[in-house]
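Count residues from 1 along the sequence. Source: prediction; values computed, not measured.
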Amino acid sequence: MVLSLLSIVYGALRCNILAIKIKYDDYDVSVKAAAYLCIFLWRSFEIATRVVVLVLFSSVLQIWVLPVLVWLGLNAFLFWWYYRVYDVPVKYHYSRKLLGSALAWARAPAACLNFNCLLILLPVCRNLLSFLRGSSACCSTRIRRQLDRNLTFHKMVAWMIALHTAIHTIAHLFNVERCVDGRVEAKGTIQAALSDLGDKTGETYLNFVRKKIPNPEGGLYVAFTYLAGLSGVIITLALILIITSSTKTIRRSYFEVFWYTHHLFVVFFIGLVIHGAGRIVRGQTDESLKEHNPHTCEKNFTQWGKISSCPIPQFAGNPPMTWKWVVVPMILYFFERLVRFWRSQQKVVITKVVNHPFKTFELQMMKKGFKMEVGQYIFVQCPTVSHLEWHPFTLTSAPEEDYFSIHIRIVGDWTEGVFNACGCDKQEFQEAWKLPKILVDGPFGTASEDVFSYETVMLVGAGIGVTPFASVLKSVWYKYCNDATSLRLKKIYFYWLCRDTHAFEWFADLLQSLENQMQERDNAQFLSYNIYLTGWDESQVTTLGKIKDVINGSKQKPLYGRPNWENEFKNHASQHSSSRVGVFLCGPEALAETLNKQCINNSDADPTRSTLHF
């Protein structure tokens, strides 16, 4: 590497000297030994610094950054390319004379809009993502993990669509203004001459505005009577409603508003496909360019058609191209919804309803052909409560069980409606009680499927976020009951954070069973779990017996407050200094940021050493 660096520096220095000689033929370059050495050292440090920066950058580069950079690069390239397409070629010379630079500023973001509308539906094709995550052998574990960022990428693409929509709309406002002004402008200007083309037989128009109505009435007339204007207004309004109703506050507090307005994407895509059907962007035809050169005939616009060298120019509109961009993802999404509908119509039988403390109840169900993996989730609809709403719930059962189950916490109108429909609000069991019809779509994959790909894992559940790890721990328990020799997973660190002690009751039996199973097989160190009562502190605990009752006599004493994550991660990284540790969380975003930061801080740059994957 040193020899390569020296040769590169020497070659760069010689090139500089040769460049000076080529530029100044009579200039003789004479470099003394000391100056040569200084320049050589300077260039060495410069190139070495660039190499070091590149190496450091590539070492810390997250794999998800690469597709994002490619996506941003493609957006930049498409914007630049299509700006040049409409700003440079002679075909649009007269279009630029009429509209100015706003033509290119409108068309460049339109190309980026097409590209991003191609991408926006792919991250929400849940069946496609589940196939790539779990069924496709071509994807490594590291690549499959990036599929869990699908909604983040979906939001990024949505904001990019909003940005290009704003640029496209503003540029077209200027275009419409100039087209309307061109129709009512006094004779004697080239804009007026170009706008009048098409009024006579045998002519083709350049200015799509054909009525002479001054602004602002003319602009409103174009916006609400032309296909391009009306469809543009509709899709812009639909996009504004979709984005504004997608904020975290609206999703959390008024989920129905988010759910219904998000389906305006159907209106958006229909309007997008027909938006360019009016062919309002027009350029000079190739046949006309052979007879009429805009650069020579522009000055003689008053003599067009009167002299043979400058016949009247002919124009044609660009064919609509958006449908070519979005037809494939639209077909994919259509089949995605067909699969969801077909799967949701299959009969689901509720075999058991368990009412747990802390406003939580459990549904145990069976469905023909239902197959799941640990940590997956399903979408559930209860027609008794709502015919339109689908809500996601993590499966708490294990793949080895003959049923699948979910735990539902009552946090809103829909969950309370299902609670009442299942009869959980009744004080006494009624034998004739009819359970509601339940529709199930799924299961769909999550990052939790990769738990068994690591030898060591940290599982962190906050409150009801323990549900995916219930499935993991159950599956581990079943594997140990049958045959644990094929199990790659050797160590589990389990953390459960919850404010109230009552939340532990429905989960305690599983912890105790797994703990006993490990002891019977002389592998008590397999599972280390810590239960943190975040709503408690030591001063509030008067007797240990009260807490012991909550966790049904488990030997693990509960802790109070919140974990010191920095110490926890340092300890695990040192204990497993030569292995990959998987860190899995189901909980709030603030905690996710903390754990992700700790994974980065405590991972060794050497890939053969301890690395923590969040």
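- Both tests hold for Arg126 against Phe379: distance to the six-membered ring centre under 6.0 Å, angle to the ring axis within 45°.
- Looking only at atom types and distance, the side chain of Gln314 has a donor-acceptor partner in the side chain of Thr204 under 3.5 Å away.
- Residues Ile190 and Glu298 meet the side-chain proximity criterion, which asks for heavy atoms closer than 4.5 Å.
- With hydrogens and angles ignored, the 3.5 Å screen pairs no side-chain donor or acceptor of Glu389 with any backbone N or O of Gln381.
- Ser288 contributes no side-chain N or O that, together with a main-chain N or O of Thr285, makes up a donor-acceptor pair within less than 3.5 Å.
- Looking at Thr169, its side chain never comes within 3.5 Å of a backbone N or O of Ala166 through a donor-acceptor pair.
- For the pair Lys97/His93, a side-chain contact is recorded, criterion being any heavy-atom separation below 4.5 Å from C-beta on.
- Residue pairs that meet the ring pair (Phe, Tyr, Trp, His ring centres under 6.0 Å) test with at least one member in residues 205-235, sequence neighbours left out, are Phe208-Tyr226.
- Between atom CD1 of residue Ile243 and atom NZ of residue Lys155 there is a gap of 13.0 Å, rounded to the nearest 0.5 Å.
- A distance of 12.5 Å separates CZ in Arg282 from CG in Leu194, rounded to the nearest 0.5 Å.
- The minimum heavy-atom distance between Val281 and Leu103, with the atom names listed, is CG1-CD1, 4.0 Å.
- Formation of a donor-acceptor pair under 3.5 Å by the Asn150 side chain with backbone atoms of Pro123 is found in this model.
- Looking at heavy atoms from C-beta onward, Trp105 lies in side-chain contact with Phe79 at the 4.5 angstrom threshold.
- Considering only heavy atoms from C-beta on, Cys382 comes within 4.5 Å of Trp414 through its side chain.
- For Asn75 (side chain) and Trp71 (main-chain N/O), a donor-acceptor pair under 3.5 Å exists by modelled atom type.
- Between Lys91 and Asp286 no salt bridge is recorded (no basic side-chain N to carboxylate O distance below 4.0 Å).
- For the 3.5 Å distance criterion, the side chains of Arg343 and Asn127 qualify, holding a donor opposite an acceptor.
- In this pair, Trp325 and Phe115 present their aromatic rings perpendicular. The plane angle is above 60°, beyond the 30 to 60° band.
- Put simply, OG1 on Thr261 and CD1 on Ile250 are 8.5 Å apart, with the number rounded to the nearest 0.5 Å.
- Here the closest heavy-atom approach between residue Ile161 and residue Thr165 is recorded as O-OG1, 2.6 Å.
- Using bins of under 30°, 30° to 60° and over 60° for the plane-to-plane angle, the ring pair Phe265/Phe269 lands in the perpendicular bin.
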Worked verdict on Val327 versus Ile331 for side chain to side chain contact (heavy atoms under 4.5 Å, CB included): CA-CA 6 Å; Val327 64; Ile331 292 174; 3.9 Å; yes

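- A salt bridge is absent between Glu256 and Arg251: the closest approach of a Lys/Arg side-chain nitrogen to an acidic carboxylate oxygen does not fall below 4.0 angstrom.
- Here CZ of Phe258 is found 9.0 Å from NE2 of His263. Values are rounded to the nearest 0.5 Å.
- Taking every heavy atom of both residues into account, Val440 and Ile438 meet most closely at CG2-CG2, 4.0 Å.
- Between Tyr94 and Phe315, the angle of the ring planes goes over 60°, which puts this pair in the perpendicular group of the 30/60° scheme.
- Proximity of a side-chain donor or acceptor of Gln376 to a complementary backbone N or O of Glu373 within less than 3.5 Å is detected.
- Across all non-hydrogen atoms, the minimal contact from Arg279 to Pro320 is NE-CD, 3.8 Å.
- Nearest heavy-atom pair across Ala104 and Pro109 is O-CD, 4.3 Å.
- Of all the heavy atoms in Ala277 and Leu227, the pair that sits closest is CB-CD2, 3.7 Å.
- Between Glu336 and Arg340, at least one side-chain nitrogen of the basic residue sits less than 4.0 Å from a carboxylate oxygen of the acidic one, meeting the salt-bridge criterion.
- At distances below 3.5 Å, at least one donor-acceptor pair connects side-chain atoms of Arg183 with backbone N or O atoms of Ser195.
- Considering CD1 of Ile234 and NE2 of His275, their distance stands at 11.0 Å, rounded to 0.5 Å.
- Salt-bridge formation is not detected for the pair Arg107/Asp87: no Lys NZ or Arg NE/NH1/NH2 atom is positioned less than 4.0 Å from an Asp or Glu carboxylate oxygen.
- A donor-acceptor contact closer than 3.5 angstrom is absent between the side chains of Ser344 and Asp441.
- Under a 3.5 Å cut-off, the side chain of His292 and the backbone N or O of Pro311 do form a donor-acceptor pair.
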Audit row: Leu395, Ile406, side chain to side chain contact (heavy atoms under 4.5 Å, CB included) steps and yes/no: CA-CA 5 Å; Leu395 292 165; Ile406 57 175; 4.1 Å; yes

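- Although no hydrogens or angles enter the test, the distance criterion places no donor-acceptor pair under 3.5 Å between the side chain of His164 and the main chain of Ala110.
- Note on ring orientation: taking the six-membered ring where Trp is involved, the planes of His391 and Phe393 are tilted (angle from 30° to 60°).
- With 3.5 Å as the limit, one finds a donor-acceptor pair spanning the side chains of His262 and Ser246.
- In this structure, the side chains of Trp304 and Leu197 come closer than 4.5 Å at one or more pairs of heavy atoms.
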Side chain to side chain donor-acceptor pair (under 3.5 Å) evaluation trace for Tyr82 with Asn114: CA-CA 12 Å; Tyr82 278 91; Asn114 291 337; over 6 Å; no

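- A donor-acceptor pair is defined here as one N or O able to donate and one able to accept, closer than 3.5 Å; no such pair exists between the side chain of Asn596 and the backbone of Ala592.
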